[in-house]
Amino acid sequence: MDADDSAAGQGTVHVGNAAEDGAADRGWLLGHFKDVPDLRRDTAVEIKWSVHPPGDERARWVTGERRTTFLVLVSGRFRVELPGRDVLLTRQGDYVVWGPGVDHRWRAEEASVVLTARWPSTPDGYAAG
């Protein structure tokens with residue numbers, strides 16, 4: 001991995017590690033909340049890398065979401081609860097997509113890694129950090 005990514009690409013390439021780079025923003029790697037000028041600052045989409053120990057959960061429902069969300073399982077066993085429906089992701093690559101206005105919460109049934117994208121990236125959404 002090239003440590004000096006900004007000089008090589010004159011600001012058009014960023015190389016990093018998802019776990020390390022997302023640590024300051026609860027795993028969020030890309031979105032409106034990154035500093036200017038940072039190639040990872042984007043108002044179209046937000047990307048998150050999440051590592052969850054067994055039993056980790058968002059017990060309170062997220063309500064009033066105005067964005068579309070895509071969550072894919074990298075490893076583990078991860079449950080997403082939606083109104084009237086539970087989705088259990090068990091195989092690498094299993095995913096769920098939900099649209100604006102769909103409440104949700106989640107729980108890691110076992111140690112899990114998930115990748116989440118949501119769009120658009122808006123300052124009025126719930127906080128990244």
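Source: prediction; values computed, not measured. The first residue of the sequence shown is numbered 1, and numbering continues consecutively from there.
- The backbone N or O of Arg77 lies less than 3.5 Å from a partner atom in the side chain of Ser112, making a donor-acceptor pair.
- Put simply, CG on Leu89 and CZ on Arg79 are 9.5 Å apart, with the number rounded to the nearest 0.5 Å.
- Comment: Asp94 engages Arg91 in a salt bridge, judged by a side-chain N to carboxylate O separation of less than 4.0 angstrom.
- No donor-acceptor pair closer than 3.5 Å links the side chain of Glu81 to the backbone N or O of Arg105.
- Look at Arg107 and Glu57 and you find a salt bridge, because one of the NZ, NE, NH1 or NH2 atoms lies within 4.0 Å of a carboxylate O, short of that distance.
- Annotation for Asp35: atom CG does not count as buried by contact number, only 12 or fewer foreign heavy atoms lying within 6.0 Å.
- Put simply, the side chain of Leu82 reaches to within 4.5 Å of the side chain of Val96, judged on heavy atoms.
- Within the model, atoms CG of Leu30 and CG of Leu39 stand 8.0 Å from one another, a figure rounded to the nearest 0.5 Å.
- The heavy-atom pair separating Thr63 from Asp103 by the smallest distance is CA-OD1, 3.3 Å.
- For Leu115 against Val74, the heavy-atom pair with the smallest separation is N-CG2, 4.2 Å.
- Atoms CG and CG, on Leu29 and Asp21 in that order, are 6.5 Å from each other to the nearest 0.5 Å.
- A salt bridge links Asp25 with Lys34: at least one charged nitrogen is closer than 4.0 Å to a carboxylate oxygen.
- Using a 4.5 Å heavy-atom cutoff, the side chains of Thr68 and Val97 are in contact.
- Taking the ring axis of Trp28 as reference, the NZ or CZ atom of Arg118 stays within 45° of it and closer than 6.0 Å to the ring centre.
- Here the closest heavy-atom approach between residue Pro83 and residue Val102 is recorded as CD-CG1, 3.9 Å.
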Start with the C-alpha gap between Arg67 and Thr122, add the side-chain angles, then the distance that decides, and say whether side-chain contact (heavy atoms from CB on, under 4.5 Å) holds. CA-CA 9 Å; Arg67 296 168 288 189; Thr122 59; 3.9 Å; yes

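- For Trp49, the CH2 atom counts as loosely surrounded, since its 6.0 Å shell holds 12 or fewer non-hydrogen atoms of other residues, nucleotides or ligands.
- Checked against the 6.0 Å centroid criterion, the rings of Trp61 and His104 do not qualify as a close aromatic pair.
- Side chains of Ser121 and Val45 form no contact here, defined as non-hydrogen atoms less than 4.5 Å apart.
- With contacts defined as side-chain heavy-atom distances shorter than 4.5 Å, the pair Leu71/Tyr95 does not qualify.
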